[in-house]
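This report refers to the structure that appears directly beneath it.
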Protein chains: 2
Amino acid sequence: MLKPISHRKRTLRDVAKAAGVSLSTASNALNGVGRVNAETSERINRIAQEIGFRPNALARSLQSKRSSTIGMLTNDTYGRLTLPMGAGVSEVLVDQGVSVFLCATNNDPRLAQLHLQALLDKQVDGIIFTATRLDLEQPRELLALPIPVIYAFAEGPPGSVSFVPDDEHGARLAMERLRKSGCSRILHITGPKDYLAARLRAAAFCNFAEACREPMFGDWSEEWGHEAIARLVSDGDQLPDGIFCGNDEIARGVIDALRDRGILVPRDISVVGFDNWEVISRQTRPPLTTVDMGLMELGRQAGLAMLSITRGEAIEPGTRRLPCRLVERLSTANKANEY
Amino acid sequence: MLKPISHRKRTLRDVAKAAGVSLSTASNALNGVGRVNAETSERINRIAQEIGFRPNALARSLQSKRSSTIGMLTNDTYGRLTLPMGAGVSEVLVDQGVSVFLCATNNDPRLAQLHLQALLDKQVDGIIFTATRLDLEQPRELLALPIPVIYAFAEGPPGSVSFVPDDEHGARLAMERLRKSGCSRILHITGPKDYLAARLRAAAFCNFAEACREPMFGDWSEEWGHEAIARLVSDGDQLPDGIFCGNDEIARGVIDALRDRGILVPRDISVVGFDNWEVISRQTRPPLTTVDMGLMELGRQAGLAMLSITRGEAIEPGTRRLPCRLVERLSTANKANEY
DNA sequence: AACGCTTGAGAAATCGTTTTTGCAAGATCA
DNA sequence: TGATCTTGCAAAAACGATTTCTCAAGCGTT
C-alpha cells in the first residue's frame, strides 16, 4: 500500500530538513538577512521553490507584530463610494502583501463595534474609516484606538489624518466651466443642508457666482431636480442660463425636467453635475459634464499614507483636500450662444 | 520620575499572573474547557475583564489552524453587485468573529494571482469567488485550491458549490406580471448574447411567451433601450403591449424612448426591468416594476455555507438557484386597459 | 491501611516563524 | 605564534495562545 502523499502544508522545517540546514539558516537565507554562504542560500531558495514553500503569514505576524493587514470600516452599503476607494487602497497595498478587511457597518453601532473588535483582535496594522458623511455622528471609540486611523472621504476629528475631495475646488471647476459657456445667471441646486459636502459646495458657489442667487437645498435625488425646476418655472422668475447641480442625480432630474418644458440643454441652459457616477452621467441626454472626485485616487493616497505610518514614518496630521477633475461631456455649451 | 504606564497589550500571561494561576489554567478558565474550580474560573474571568484582556487572534489561529478569516475575490470594481453581497456575507459571519478580506481583481489576472497568494499565505479558511460573469473566463488556479471555495452570483465549474440568482424564476415573475397586466404581445430587450444571464432570461422568456418574438440582444445600457425602440418604431411593425427588459438600465432607456414618441407607460405598454438597482428603478418615470435578485440574501447564504464548510460539515456540491422577488412599482398596468 | 478515583492546577510541548546568541573554523594581523 | 576578526551555521528563545501530560491532594472503598 502506497503511503499517501502528504498534503500537509510545507513549513520552514521541511525546507530546512530538505536542505540539511537549521531552521535559522533557512530563515535567514529566504529573507536575505544574517550571514549565510551564497551557495547555501541559493540551494535553500531553490529547494523552497521546488517544494512550494510559502511562509505562514500568521506565524510571521505573531513574531513581527505586523500583520500586513488593515481594516476598512464603512457605512456605505450600496457602495458607489466605498468600492472605488477600496479598490484604490487595495491597489497600492497588494504589492506590499497587505490585505484589506472590508467591514460594512450599515450604520449600526453594534455592528461597527463588533467589526472593530474583530479587527483589533486580528491585530490589523491600521484602520481606514470611511463614511458618506461624518459631519454628524462621530464614533467615539475610533478616537482612542491603539493603532493608526485614517479617514477617507469624510473628515475625521481634529488632529487626525484625513483625505477628502476638495469640494471647493470641484465647485470652482464647475463654475468656471459654466462661465466659459457664457453663463452669467447661474443657479445652484443641491442636497440637504446638513451635509457638509453640500454646504461646502454651496459656499464655493456663492464665492464664484457674481450675484449669488440663494442655493436651493433639497435632497440628493433626481426627483428633487424635477421639483426644483418645477418650482422655478412656476415662480415665473427669469430662468438661469447655467445650473450647477450638487450631484449627478439632481442634474439628471433637472435636465429631464427642462426637456419636458421644451428648454434644451445646453442650448438654453448649461448644466454641470457632481460625482461622475457614470451610470447616470453617461446616460443623461445629453451626457453630463460633471465633476469627478477621483475616489480611486483618494483611496490610493489613503493607502499610501497608511503604508508610511505602519512603516513608522511620521505623517503630518490634518486634512488633505484632493483636487477634482472636470469631465467634459455635452451638457455645457461651448461658447455663449454656440452649441 | 514616574514609571510610564505600560501600553503594551494585555496577554494571557498578564491575566495568569494577576490571578496567580498558570497559563493553562487561565486559558482553560477563559475558554470554559478543562477542569477548573468554579470560583477560580470566575476570578480569572473577572480579572481578564478588568485589565481588558483580548486574546490575540493571530496566536490563537496559529495553534488552532483556523484563522476565522475568509477572502472574497471579485472583478466588479464599481460594485453594484459586490457590495450588497459582501454585506450579506459579512453580516452572517461577523457574529462568529469571522472577517472578510475583499479583493478587487479589476479583471487583471496578475492582480488576481497576487491577491490569491496573499489570501493563502494569510491562511484564510475559505474563498468566496464572485464575478459579474464567469461563463467565459475561468481562473484555473481556483479549481485546485487547498481550501474551500464558494461561487456567488456566477456559477463555478462542475462539482463546485455555487449560489446564483434564479434567472429563470426572475424571468417568470416578470412575464407573469406582464400577463396580469393583460399583455399578449410581449417583447424581450436584453444584454449581450454572450452573457449567460442574458441567455437564461431570454430562454425563460421564450418559454413563457405564447408566440415567442425573437429576443433583442444588445448591451446592458440605457442607450440600447433607446435604440431598440427606435428600431422597432422604424420597422413599422405592430408595437408590443408589454416589454420585459434584461436590466433596469435598458428599461429606463426604453421608457424614455417611448415617452419621447408619445407612447405612455403603462397606459400603452407595460414595462418590467431586472436588477432593482434603485438609483435607476426608483427614478424612472414612472418608477419601474422590476425583478430583485436578492443579492444581500445571496451573500448571506454563501456566508452560511462557508461557515458550515469550515466547521467540517459536508455540503452537497452543486448550484443553488435562489428565488427572485418582484418589486411592484408603476410601470405595469394593473389590468388590461385599466391604468 | 492500601488502593483507586476524582478534582484542580501546573509544567511542558506545540503551532511556524524570526531573532538573538553562541561557537567553531579559518583568515588576518602583529 | 598567538591574538583578534570574520564567516557560516546551529541552538535556543521568543511571539501568544492552546492542549496534552503529570501530579498532588482529597475522598471513598474494601
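So that the names make sense, note that chain A is the first sequence line, chain B the second, and so on, each numbered from 1.
B:Phe101 is listed as a side-chain neighbour of B:Leu119, based on a closest heavy-atom distance under 4.5 Å.
Within 6.0 Å of CD in B:Gln96 there are more than 12 heavy atoms belonging to other residues, nucleotides or ligands. Counting non-hydrogen atoms of neighbouring residues, nucleotides and ligands closer than 6.0 angstrom, the CZ atom of A:Arg13 reaches no more than 12 such neighbours.
Look at B:Asp166 and B:Arg320 and you find no salt bridge, because none of the NZ, NE, NH1 or NH2 atoms lies under 4.0 Å from a carboxylate O. B:Glu50 and B:Arg10 are not joined by a salt bridge, as no carboxylate oxygen comes within less than 4.0 angstrom of a charged side-chain nitrogen. With respect to A:Asp95 and B:Arg110, a salt bridge is recorded, a charged nitrogen being found less than 4.0 Å from a carboxylate O.
To the nearest angstrom, C1' of C:dT14 lies 13 Å from CG of A:Leu62. With rounding to whole Å, B:Lys17 atom NZ is found 14 Å from C:dG10 atom P. C:dG10 atom C1' lies 14 Å from atom CG of B:Leu12, rounded to whole Å.
Partners of B:Arg300 according to the salt bridge (charged side-chain N to carboxylate O under 4.0 Å, His left out) rule, which considers only residues two or more places apart in sequence or in another chain, are B:Glu91, B:Glu297.
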Polar atoms only, N or O, under 3.5 Å: list the protein pairs with nucleotides 21-29 of chain C and their distances.
none

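Rounded to the nearest 0.5 angstrom, B:Met85 CE and B:Leu102 CG are separated by 10.5 Å. Here the CD1 atom belonging to A:Ile70 is positioned 5.0 Å from the CE atom belonging to A:Met306, to the nearest 0.5 angstrom. Distance check, rounded to the nearest 0.5 Å: NZ of A:Lys122 to CG of B:Leu58 gives 10.0 Å.
Using modelled atom types, one side-chain atom of B:Arg43 and one backbone atom of B:Ala19 make a donor-acceptor pair closer than 3.5 Å. In this structure, A:Asn106 contributes its side chain and A:Asp108 its backbone to no donor-acceptor pair below 3.5 Å. The closest donor-acceptor contact from the side chain of A:Thr105 to the backbone of A:Leu111 lies at 3.5 Å or more, if one exists at all.
Between the two ends of the helix from C:dA1-D:dT30 to C:dA30-D:dT1, each summarised by a five-pair axis, the helix axis turns through 60° (rounded to 10 degrees).
Where DNA chain D meets chain B (any atom under 4.0 Å from a heavy atom), the bounding nucleotides read 5' to 3' are D:dG16 to D:dT19.
The only option from A:Thr130, A:Asn75, A:Thr74 that meets the side chain to side chain donor-acceptor pair (under 3.5 Å) definition with A:Thr82 turns out to be A:Thr74.
Taking every heavy atom of residues 36-61 of chain A and every atom of DNA chain D, pairs under 4.0 Å involve A:Val36, A:Asn37, A:Thr40, by number. Residues of residues 19-31 of chain B that place a heavy atom closer than 4.0 Å to DNA chain D, in numerical order, are B:Ser24, B:Ser27, B:Asn28, B:Asn31.
Classified by interplanar angle (parallel below 30°, tilted 30° to 60°, perpendicular above 60°), the ring pair B:Phe129/B:Tyr151 is perpendicular.
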